[in-house]
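Below is one structure, written out as structure tokens; the observations come after it.
It should be emphasised that the depicted structure is a prediction, and the values quoted were computed from it without experimental measurement. Excluded from the calculations below are hydrogen atoms, water molecules and symmetry mates; all remaining heavy atoms, backbone and side chain alike, are included.
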Amino acid sequence: MSTMKAAVLYEIGTSPKYAEFPEPKEHGDFVKVSMIASTIKQLDRGRVSGRHYLKYTNFPTTVGVDGIGKLEDGQLVYCFGDGMIAEKSLVEKGKYAPISNDIDPYIAAALPNTLLGSDMALMFRAEIKKGDVVLVNGATGVTGSVAVQIAKIRGASKVIAAGRNEEALKKLKAQPYGVDEILVLNSEEGVASQMKEILSKQPIDIVLDYLWGQPTEMIIKAIVAQKQCHVTKIVSVGEMAGSSINLPSAALRSTAISILGSGLGSFPATQMHSYYKNHLNELLLLANQGKLKVDIKIIDLKDIEKEWLVNEKSVRTVVKIN
């Protein structure tokens, strides 16, 4: 039996280990891919820890949900599946996105998952249109910082970056990312005051939310207080500040707020495959040209266990495999 090096999980709630593991065997419509790079994301950590609804249940198992690989004919592809932090993985025929061979594979590995949580959320859940005003709640994280750039690429007239770290927000605004204003989530009174000023200029069309919890409660309360009859779509993508909110039903009846979710369960698999095939290369080209930025940290596969819990919020960890 052929073996490979991989990030192997032996028990839920532990860190994956660098270990030998049997190579997957091609079967049916699944072909083998030689993996070049994958990433460690909140999704991966959540599945490994058992906190995510897609947690692992069979052990030992290889981990990782996506990455950049090479087909037998040498074509580079972005692929999505199971066991992607490994030297070899399986992908269903046609269920991958070919990418240009002159694209940096490490940037190519880092960007797609952030697009699932930003571009796909904006396009398919929020249905962003040219001229929309977008508030990104949790803008200083990796996906949030990509989201503020994507919002402008997709035609937003104004982007407001919200977060709990004022200095990080100021640094984000100083970058050429397209942030027009910042909202510091310092206190209920502070948010109410800042939101009153923001909403006096124009209503907000979309809130792309990575925090949930109290920060989102404060934003909703501030929107309701302004008594504007304007459709504001609040799209929940993450829960970095808490898994629940206190939402009086009157808040929904007295305003035109609409609350949506965006995640793996929100899109048909066919829509995800279509998105990556039709849009990934254009955005990777922007990244290659420096017009779309994602900060990365590259580690070797052999260091997976010690790096697993190192979570630098503004940097995506890319695992170099081959």
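Side-chain atoms of Tyr106 never come within 3.5 Å of backbone atoms of Ile36 as a donor-acceptor pair (strictly under, hydrogens ignored). Gln228 places a side-chain N or O within donor-acceptor distance of the main-chain N or O of Leu199, the cut-off being under 3.5 Å. Judged by distance alone, the side chain of Lys233 and the main-chain N or O of Ser258 form no donor-acceptor pair under 3.5 Å. Looking only at distances, a side-chain donor or acceptor of Thr232 sits under 3.5 Å from a matching main-chain atom of Ile204. A donor-acceptor distance shorter than 3.5 angstrom exists from the side chain of Gln149 to the backbone of Lys293, with no hydrogens or angles considered. Counting only distance, with no hydrogens or angles, the side chain of Gln202 and the backbone of Val133 share no donor-acceptor pair below 3.5 Å. Here the side chain of Asn281 pairs a donor or acceptor atom with the backbone of Pro98 at under 3.5 angstrom. Here the side chain of Ser274 pairs no donor or acceptor atom with the backbone of Thr270 at under 3.5 angstrom. The closest donor-acceptor contact from the side chain of Arg316 to the backbone of Leu111 lies at 3.5 Å or more, if one exists at all. Looking at Ser193, its side chain never comes within 3.5 Å of a backbone N or O of Gly190 through a donor-acceptor pair.
Looking at Lys158, Lys152, Lys201, Lys173 one by one, the single match for salt bridge (charged side-chain N to carboxylate O under 4.0 Å, His left out) with Asp180 turns out to be Lys152.
A donor-acceptor contact under 3.5 angstrom links the side chains of Lys88 and Ser34, judged on distance only. Side-chain atoms of Thr3 and Glu20 form a donor-acceptor pair, as typed in the model, at a separation below 3.5 Å.
Phe21 does not carry Lys5 over the face of its six-membered ring by the limits of under 6.0 Å from the centre and within 45° of the normal.
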